[in-house]
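Working notes for the structure below.
Computed from heavy atoms alone, side chains included, the values below leave out hydrogens, waters and symmetry copies.
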Amino acid sequence: MSSNQSNPQTRSELRSERGRGPKGHHTLWTIIKWLIVLFLAFILLGAVVFFYYAQGAPNISQSALESDTSTKVYDSNNDVISRAGAQNRDYVKSKNIPAQLKSAVVSIEDRRFYKNHGVDPLRIVSAAVHNVTGSSLGLQGGSTLTQQLVKLSVFSTAKSDQTLKRKAQEAWLAVKVDQTYSKQQILEFYINKVYMGNGVYGMETAAKYYYGKSLSKLNLQEMAMVAGMPQSPTNYDPIHHPQYAKYRRNQVLDAMVSNKQITAGQAAAAKATSVQSGLAKTHPVSTINLTNQKYIDSYLKQVYAELKSDGYNTNTDGLRVYTNLNMSAQKHLYSIANSNNYVAYPSSKFQLGATMVNPKNGKVVAMLGGRKTGNVTFGLNRAVQTDRSSGSTAKPIADYGPAIQYLKYPTYQPVQDTQYYYPGSTRELNDFDNRHEGTITMRKALVESRNIPAVRTLDAVGINRATNFLGKLGMTFNDKLTLQNGIGLYISTEQEAAAYAAFANGGTYYKPHMLNRVVTADGKSHSYGVKGTRAMSPATAFMITDMLKGVMTSSNGSGTAANISGLYQAGKTGTTAYPDNYASQVPADAAMDSWFTGYTKNYSLSVWTGYDKQFQTGHYIPEAQTRIAQEIYRSEMSYVQQNASNTDWTAPSDVVATRRNGTTEYYVAGYPGDASTATNDGTSSNTNTNDTTGNNQANTNTSSRTSSSSESSSTSTEQRPTGGNGGSGNGNDTKDTNSASTESTPNTNADSGKTNSNASKNANS
């Protein structure tokens, strides 16, 4: 029997296996076909999305490609007041750009530049592979040199703009640019546009800045350095970061060798040269901004801070920034601070910080962060620092405003100016004159800036309700406030100007802001107007304003030096005294800080004065010099009000006028008060019953303390308040924990508002 016949089962199995073969093969091909279909569908979908986005791409002109990418800043009249970096750009034509520099740029930025058509699919795939496999130093970009040029010319580098839509439009415009301009023109645009650090734009300008000569005079190692800087101009600065600069220069040289533009020997010779070899000893100084820079330095610093917080790059985004700056008011404020034509300053070290806002919308129209600052750019901005106490300027916003808002106090509310100890302690509260006036009205207590009635009023209101009131005025605090915060808050002039503005406009708070509108390179406009929020009733705003008028007009008012004859205005003084453990080293009437914050219907201006190093010998403010803050206010407010309306405030419909002791007083309809009952009868208690919003923290950090040498009663200074430390405040917080406060009147000793200052550090708005 043959083998074929003897093993039929084997033949059957073989036939079965052969039968399964074509079926398995068919299944595999089915899978492959579906993958191809899905891939093609994905490509098609991508193409549809790409062209959909591309249709909305902005136009790109030659002027946009040639222009610098600096940020232009405008004032409220739409006049350019600053052009970041624009003063440092010398445009160089393609024929004057060394071929070796061009090859360096192409080698490091886009090796296939001369072969691609604006976008490079191979480069994109290569970058993706490198990023996935981690086979390169850091993430790789797939953008061609042309795409980079497009981004610098018409798009913002803000993170919010790094979208798929923007990438599609960037690629589309890159293709159009490649079709419209020659490779040499594109290189010319790029080489002249890139930011090179230190306010310098373009490689020709960079050559002069860093090496003191034009591009055509640079040697190989210098050209490699210049060509490599645009990727990170600050980090690759050969002056300040030679180690990183050397690394980048060597990267460029290696890329040139790989691209067969130089030999390995040439690269080795260039690498052997110090990266700081040939650097210029002096550098060209920008000139275009010098005229305005000294006037607007502090304001501009805050503008850039706001832009940065929104993700903008002021060096490369080509922004047009429209601010709320009133240049005329700003220059006048600068002149007041830096000449003796308006105020007699004791020394060049005597400092100030000032902020003026528009009460109708919160726009910051002027800001000054110091005086006699020399040529320092973007130095300490004392207008936004929160490490100095506001002294008695806290009383309207922390004590009496809340009392009217929550307790319906009339302006004639009886208050006690009698002996007072902080709850749970033996620490006595005093005024600078060490006198007590007995039962007086709330109006008199505020006008004369008496301390004890202010703290008693806060005690009656309750800490929680006072904190809530301050919160509606843009102030938050890390720590619980205490009663001592009723005579001092750690806030800035910017915060206080905005808070008092709410009194001026009838009770609406607007967050202070510098920016009005930002236009990006692609023409997209972003507006920055803020919506006001109700902070207090119109009745509260009016009644506080009516009382604060007397601060400047009353014979016993603490702010008579700020008075402007015929102008309807209101305001408050604030001064802080030295702590007991330092008071013996300065005169009895010496102050550390002096404030004045006042307003009309058109402007709210807050001014701080003092010394940066207040504990240095001689850096105290004598009583006579505490008027300087008032004089600054008077000079600036007189100037800005020249061409502004001058109208008085009118009582809201729910405010009733009444005559008492020859004075027109006011109360909220239905709440005339009891003229025979004063707040807190002289034996202070922790008034939880008056605080419906939570537990009163009036005795925080005080009830468990006993008096000590530094906290004992004083006839001339007030003890340091505790608590109320604010969070993430603006400015430079020096954590001065030894301050107390004082209040003095220009004419008499009637102003007993020597208030404690160390109340609430770093409050933020």
Side-chain angles (χ1 to χ4, degrees), residues 76 299 302 323-326 328-330 332-333 354-368 383-384 390 393-394 396-397 400-401 404-405 469-475 491-516 528-549 551-552 559 562 564 567-572 595-608 632-634 636-652 655 765:
S76 58
Y299 195 100
Q302 295 310 115
T323 72
N324 300 317
L325 176 68
N326 181 325
S328 179
Q330 182 71 24
H332 192 265
L333 184 58
T355 304
M356 178 180 283
V357 305
N358 184 335
K360 300 170 185 176
N361 47 39
K363 293 180 178 180
V364 178
V365 297
M367 175 180 283
L368 201 64
V384 297
S390 65
T393 59
I397 55 179
Y400 299 117
I404 298 173
Q405 182 70 22
F469 190 85
L470 290 167
K472 291 181 178 181
L473 292 174
M475 303 173 196
I491 53 179
S492 68
T493 65
E494 182 184 40
Q495 291 172 289
E496 192 154 279
Y500 274 54
F503 294 138
N505 66 35
T508 299
Y509 172 76
Y510 294 93
K511 183 178 180 180
H513 58 288
M514 273 80 173
L515 298 179
N516 181 37
Y528 281 81
V530 299
K531 184 178 181 180
T533 57
R534 173 61 63 183
M536 67 190 81
S537 67
T540 299
F542 173 79
M543 291 166 66
I544 287 291
T545 295
D546 190 73
M547 291 189 290
L548 289 181
K549 289 178 181 178
V551 171
M552 290 177 273
I564 302 170
L567 181 66
Y568 294 109
Q569 59 178 341
K572 184 69 187 75
W595 292 65
F596 188 83
T597 301
Y599 55 92
T600 65
K601 279 192 170 183
N602 305 300
Y603 301 100
S604 178
L605 174 61
S606 181
V607 180
W608 165 87
I632 294 170
Y633 167 89
R634 184 183 62 202
E636 179 69 1
M637 190 61 80
S638 296
Y639 179 80
V640 297
Q641 278 287 153
Q642 289 180 101
N643 300 314
S645 61
N646 179 29
T647 56
D648 199 3
W649 291 269
T650 56
V655 171
S765 62

Note to self: Do Q405 and T540 pair up side chain to side chain, a donor and an acceptor below 3.5 Å, judged on atom types alone?
What the structure shows: yes
Checklist line | Heavy-atom closest contact (L548 atom, Y500 atom, distance) | finding: CD1-CE2, 4.3 Å
Checklist line | Side chain proximity check, R634 to L605, heavy atoms < 4.5 angstrom | finding: no
Margin query: Before you tell me yes or no, could you show the steps for N516 and T323 under side chain to side chain contact (heavy atoms under 4.5 Å, CB included), namely the whole-Å CA-CA distance, both residues' side-chain angles and the distance that decides it to 0.1 Å?
Written below: CA-CA 5 Å; N516 181 37; T323 72; 6.0 Å; no
Note to self: Tell me if a side-chain donor or acceptor on Y299 pairs with a main-chain N or O of A366 at a distance below 3.5 Å.
What the structure shows: no
Notebook entry, point to check: Does N326 use its side chain to pair, donor to acceptor, with the backbone of V365 at less than 3.5 Å?
Noted result: no
Notebook entry, point to check: Is a side-chain donor or acceptor of N646 paired with a backbone partner of Q641 at a separation under 3.5 angstrom?
Noted result: no
Check: Does the ring centre of Y599 sit less than 6.0 Å away from the ring centre of W649?
Finding: yes
Notebook entry, point to check: L368 and Q330: side chain to side chain contact (heavy atoms under 4.5 Å, CB included), yes or no, with the steps?
Noted result: CA-CA 8 Å; L368 201 64; Q330 182 71 24; 4.0 Å; yes
Notebook entry, point to check: Can you tell me how far the CG atom of N602 sits from the CG atom of N643, to the nearest 0.5 Å?
Noted result: 11.0 Å
Item checked: Candidate pair M637 and I564, rule side chain to side chain contact (heavy atoms under 4.5 Å, CB included), full reasoning -> CA-CA 8 Å; M637 190 61 80; I564 302 170; 3.8 Å; yes
Item checked: Between Y510 and T533, a side-chain donor and acceptor under 3.5 Å -> no
Notebook entry, point to check: Would you say K363 and M356 make side-chain contact, with heavy atoms under 4.5 Å?
Noted result: no
Item checked: Sidechain-backbone polar pair: D648 side chain, T650 backbone, donor-acceptor under 3.5 Å -> no
Next item on the list: Measure from the side-chain N and O atoms of S604 to the backbone N and O of A497, and report whether any donor-acceptor pair falls under 3.5 Å.
Entry: yes
Check: Any sub-3.5 Å donor-acceptor pair from S76's side-chain atoms to L325's backbone N or O?
Finding: yes
Note to self: Tell me whether Y528 at atom OH has more than 12 heavy atoms from other residues, nucleotides or ligands lying less than 6.0 Å away.
What the structure shows: yes
Note to self: Please report the interatomic distance CG(N361) to NZ(K511), rounded to the nearest 0.5 Å.
What the structure shows: 15.0 Å
Notebook entry, point to check: Can you check whether F542's main-chain N or O pairs, donor with acceptor, with D546's side chain at less than 3.5 Å?
Noted result: no
Notebook entry, point to check: Closest approach of A541 and G507, non-hydrogen atoms and distance?
Noted result: CB-N, 3.6 Å
Note to self: Test your reading of the model: is there a side-chain donor-acceptor pair from Q495 to the backbone of M475, 3.5 Å cut-off?
What the structure shows: no
Checklist line | Heavy-atom side-chain proximity of H332 to E636 below 4.5 angstrom | finding: yes
Notebook entry, point to check: Run the side chain to side chain contact (heavy atoms under 4.5 Å, CB included) check on M367 and E494 step by step: do they pass?
Noted result: CA-CA 8 Å; M367 175 180 283; E494 182 184 40; 4.0 Å; yes
Notebook entry, point to check: For T597 and Y633, what are the C-alpha separation, side-chain angles and deciding distance, and is it a side chain to side chain donor-acceptor pair (under 3.5 Å)?
Noted result: CA-CA 8 Å; T597 301; Y633 167 89; over 6 Å; no
Margin query: Measuring only between side-chain heavy atoms, which start at C-beta, is M552 closer than 4.5 Å to F596?
Written below: yes
Item checked: A502: side-chain contact (heavy atoms from CB on, under 4.5 Å) partners, not counting sequence neighbours -> L473, M536
Check: Is the side chain of T600 donor-acceptor paired with the backbone N or O of Y603 at a distance under 3.5 Å, no angle test?
Finding: yes
Check: Are any side-chain N or O atoms of N324 and backbone N or O atoms of H513, one a donor and one an acceptor, separated by less than 3.5 Å?
Finding: yes
Item checked: By side-chain contact (heavy atoms from CB on, under 4.5 Å) - contacts of A539 (at least two apart) -> S537, D654, V655, V668
Note to self: Assess, by modelled atom type and distance only, whether the side chains of E496 and T493 contain a donor and an acceptor separated by less than 3.5 Å.
What the structure shows: no
